Amino acid sequence: MPKTALAQKPRISPIDAQAVLAWYDKHARTLPWRVSPQERALGVRPDPYKVWLSEVMLQQTTVAAVQKYFLRFTELWPTVGDLAAAPLEAVLVEWAGLGYYARARNLHACAQAVVERHGGEFPRTAEGLLTLPGIGAYTSAAIAAIADDERVAVLDGNVERVLARYFAVDVPAREAKEDLRAWLQETVPERAGDYAQALMDLGATICAPRTALCMLCPLQPGCMAAAEGNPERHPVKAEKAARPTRHGHAFVIEDKDGDIYLRTRPAKGLLAKMTETPGSEWVGEKMEPTFPFPGEWRHRGQVVHVFTHFRLELEVWSVLAPNTEPLVDGWWADRGELDGEALPSLFRKVLATAGVE
DNA sequence: GATACGTGGGG
DNA sequence: TCCCCAAGTAT
């Protein structure tokens, strides 16, 4: 039990879980991985594989971005066994563009662990799920609640915001998290999966980050932030870290057939194991390019790409490779089939700037 | 417990 | 243009 000052904060009105569920019965979003509350009431259960897949894809990622990836993955790999049997490289190709690529590597490792350690069935409890790669506190709870109605608190960013407003929490979300989780745990009803999804939908559509539509909210009656009149003041956000700029050069090397030279990035760090065009290091100061071999290098423009913790400016160069040049650490890719490569968005921008695709 | 880790859309 | 941010996890 949290013993922080926040834990002692008076909570005037408890969360009305039944009001939340009634709202969800009318306003649940329809999503490809979701079983509607009406279906659920008839005994339909979601496929734990699809719940897991969608939850991992949704980590720090918008619903809009996830949809087509989810449909593609379930088409290619309908079961966890299919995904486990696929080569990691194929999974990375399909994940390319979605970001946070450790998720894809952990996804594959998790699928293999489910097959090898659990006979191809996902563990049925949050505690069991938590031991698997890429599944943390949130995702384990979400899967257990949604797939099996385990009565566990499912606390994501949406729910944090809803609770921070309901109880007018004025400490940063990070500090408040364990208290919020304990408060939420007390309210989880029998329909634990619907409750979790209801609170997330509420946070996504009504109690949104910039705008709280309190007149539409089932929790408005007891909400302390709504009563204060400025719900968007919560949750209090921690100060953002500075985002430095790094600079570098990207080299788009073509052969006489128009094929493009690509290689695999290192196994650790940013964009690990993904495909890239060759290039320089990315450093704090602008440097002159050091080309991998002499030739008629053409400056094609600049790519600006914003990562979570730094902004990157790359100068893009292209060249026609001489036939004699020994390039050994990568491969030549057909320029018409780059969709089959595990190219992150950054390198798709680089190629586009060089006139490829 | 801070930090590393992507991307695209909205205001 | 720029800032914020979206269903977090691993180290």
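These figures come from a predicted structure and were not determined experimentally.
Between the side chains of Tyr261(A) and Glu254(A), not a single donor N or O lies within less than 3.5 Å of an accepting N or O. Residues Glu315(A) and His299(A) bring a donor and an acceptor atom of their side chains to less than 3.5 Å of each other. If you check the side chains of Arg34(A) and Gln197(A), you find a donor sitting under 3.5 Å from an acceptor.
Counting only heavy atoms from C-beta outward, the side chains of Arg40(A) and Val44(A) never approach each other to under 4.5 Å. Residues Ile15(A) and Phe167(A) form a side-chain contact, since some pair of their non-hydrogen atoms from C-beta on lies under 4.5 Å apart.
One N or O donor and one acceptor, one from the side chain of Thr61(A) and one from the base of dG6(B), sit under 3.5 Å apart. The base of dG9(B) is not paired with the side chain of Thr62(A) by any donor and acceptor separated by under 3.5 Å.
Here Gln60(A) reaches the OP1 or OP2 of dG8(C): one of its side-chain N or O atoms lies under 4.0 Å away. Of the side-chain N and O atoms in Tyr100(A), none sit less than 4.0 angstrom from OP1 or OP2 of dA4(B). Contact between the side-chain N/O atoms of His305(A) and the OP1/OP2 oxygens of dT7(B) is found at a separation under 4.0 Å. For dC4(C), one of the phosphate oxygens OP1 or OP2 lies less than 4.0 angstrom from a side-chain nitrogen or oxygen of Lys240(A).
Protein atom CG of Leu58(A) is 19 Å distant from nucleotide atom P of dC5(C), rounded to whole Å. Nucleotide dC3(C) holds its P atom 8 Å from the CZ atom of Arg243(A), rounded to whole Å. Atom pair Arg246(A):CZ and dC5(B):P shows a separation of 8 Å (rounding to whole Å applied). At whole-Å resolution of the value, CH2 in Trp95(A) and P in dG6(B) are 12 Å apart. Protein atom CG of Leu346(A) is 10 Å distant from nucleotide atom P of dG8(B), rounded to whole Å. Spacing between atom CD of Gln59(A) and atom C1' of dG8(C) amounts to 5 Å, rounded to whole angstrom units. Regarding Lys349(A), its NZ atom lies at a distance of 14 Å from the P atom of dG6(B), rounded to whole Å. Distance, Leu343(A) CG to dG6(B) C1': 15 Å, rounded to whole Å.
The side chain of Tyr101(A) lies closest to dG6(B), out of dG8(C), dG6(B), dG11(B). Side-chain proximity of Arg174(A) to the nucleotides dG6(B), dT3(B), dT9(C) is greatest for dT3(B). The nucleotide whose nearest atom lies closest to any side-chain atom of Thr308(A) is, among dT7(B), dG6(B), dG10(B), dG6(B). The Asn106(A) side chain lies nearest to dA10(C) when the options are dG8(C), dA10(C), dT7(B). Minimum atom distance to the side chain of His309(A) is reached by dA4(B), of the listed dT7(B), dT9(C), dA4(B).
Within the nucleic acid shown, Val159(A) has no heavy atom closer than 4.0 Å to any nucleic acid atom. Residue contacts shown for Thr139(A) are limited to sugar-phosphate atoms, with no base heavy atom under 4.0 Å away. If you check every strand for non-hydrogen atoms under 4.0 Å, Gly203(A) touches nothing. Arg105(A) comes within 4.0 angstrom of nothing in the nucleic acid, heavy atoms only. If you check every strand for non-hydrogen atoms under 4.0 Å, Leu271(A) touches sugar and phosphate atoms only. Residue Trp33(A) is in base contact, counting any heavy-atom pair closer than 4.0 Å across all strands shown. Nucleic acid contact class of Leu130(A) (heavy atoms, under 4.0 Å, all strands): none.
Residue Arg161(A) is the one, among Arg161(A) and Ala137(A), whose nearest nucleotide of DNA chain C lies closer to the 5' end (criterion: closest heavy atom). Mapping Arg210(A) and Ala102(A) onto DNA chain B via the closest heavy atom, the residue that lands nearer the 5' end is Ala102(A). Nearer to the 5' terminus of DNA chain C, by closest-nucleotide assignment, is the contact made by Val63(A) (compared with the other of Val63(A) and Leu132(A)).
Checked against the 6.0 Å centroid threshold, Phe73(A) and Trp95(A) count as a close aromatic pair. Residues Phe307(A) and His309(A) place their aromatic rings such that the two centres sit no closer than 6.0 Å.
For the P atom pair drawn from dT9(C) and dG8(B), the interatomic distance equals 22 Å after rounding to whole Å.
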